[in-house]
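In each ligand, atom 1 is the first atom listed, and ligand 1 is the first ligand listed. Not measured: the values here are computed from a predicted model.
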Amino acid sequence: MSGPLAPPRVRLATLPTPLQPAPRLSEVAGVEIWLKRDDLTGLGLGGNKVRGLEYLLGDALARGCDHLVTGGGPGSNWAMLAALAARRHGLRATLVCYGDEVPAVGNAALAVLAEARLRFTGDPDRASVDRVVEAVAAELRAAGERPLALGRGGATPVGALGYATAAVELAGQLAATGVGPASFWLATGSCGTQGGLHAGVAWQRLGGVVGVTVSRPAPVCVERVTALARGVADLLGVPAPAAAPTVVDGHLGPGYGRRSAEGDEAAALVARTEGVFLDPVFGAKAMAGLLAATRRGEVTGPVVFLVSGGAPTLFTTS
Ligand SMILES: Cc1ncc(COP(=O)(O)O)c(C=O)c1O
């Protein structure tokens with residue numbers, strides 16, 4: 001097989017992000033933990049989605065698109081960052097939100113600041129976003145624009161390239177710090193981040209990835225991660241991972257997008273030991289999953305925990 005292919009990419013992130021030891025957190029957990037600071041990727045208020053957007057925007061520009069259409073909830077980190085990335089590269093942006101129109105606060109307000117247009121589906125079903133994204137793209141096409149329609153989370157093989165290539169960055173950092181074989185823990189929502197990382201760590205021979213699901217049931221995530229990892233390996237021209245992905249259930253709390261008591265406790269521990277904030281929707285619940293696994297003696301370490309951003313939701317999530 002020839003070497004990895006080089007899909008089109010634009011620059012949005014400040015890379016590499018730091019890989020920091022977390023000694024006081026490690027002492028409490030009884031396991032060596034490192035924090036991969038992807039809350040510091042640099043576009044807007046940072047976050048994991050910026051890595052995938054480098055490839056999604058690269059693809060959009062290569063296809064001559066002039067308008068990005070995507071969506072999520074009005075509080076979606078993904079949608080806000082997609083709008084910022086589009087605007088930064090001169091594309092218009094329309095964000096479709098499920099439910100009835102609500103005042104723009106948090107991520108929605110930040111997207112509006114960047115002149116994204118908001119559209120509400122009027123339907124509380126999250127899947128209504130995907131239907132309306134396609135309908136808006138069709139309207140724009142009929143009006144002579146060249147839209148790129150993306151589903152919630154940007155969870156496509158192209159978007160997942162962001163974390164496949166993050167594995168190359170991590171391989172260099174782990175070699176430089178002398179950390180032994182590590183497992184990688186992260187929050188899993190739309191599965192693009194885990195899909196990319198699963199493919200990337202297999203490619204770089206780095207160890208296992210454990211996703212803590214914060215939205216879909218674990219078996220659904222396993223299927224999605226497997227498919228995305230295969231897709232991204234094909235795009236790179238490298239072998240698909242042989243191992244099935246690991247997805248941990250049981251840390252959703254009262255529901256997607258809502259705080260959980262154990263997540264809040266885990267986030268408070270990380271804030272007071274390491275001075276790092278975990279968002280309540282993703283990072284806090286993933287850390288709760290990691291800490292629960294360490295208490296059960298299931299984790300030997302070292303662990304690299306992905307701090308995936310979501311800063312705007314620190315102030316808006318109840
Ligand atoms: C802050 C944050 N962390 C983690 C995730 C999960 O990433 P993915 O949707 O790729 O599974 C998201 C998704 O929006 C996010 O915004």
Quiz prompt | Atom-level proximity to ligand 1, residues with heavy atom under 4.0 Å | solution = Asn48, Lys49, Asn77, Ala187, Thr188, Gly189, Ser190, Cys191, Gly192, Thr193, Phe282, Ser308, Gly309, Gly310
Self-check item: Presence of salt bridge, Asp234 and Arg230, under 4.0 angstrom
Solution: no
Quiz item: So, the side chain of Gln194 versus the backbone of Cys221: is there a donor-acceptor pair under 3.5 Å, distance only?
Solution: no
Quiz item: Salt bridge or not for Glu115 and Arg92, using N-O below 4.0 Å?
Solution: no
Quiz item: Is the backbone N or O of Gly75 less than 3.5 Å from a side-chain atom of Asn107, with the two atoms forming a donor-acceptor pair by type?
Solution: yes
Quiz item: Which salt bridge (Lys or Arg N to Asp or Glu O under 4.0 Å) pairs, counting each pair once, include a residue from residues 237-263, with sequence neighbours left out?
Solution: Arg259-Asp264
Quiz item: Is there a donor-acceptor contact under 3.5 Å from the side chain of Lys285 to the main chain of Leu252?
Solution: yes
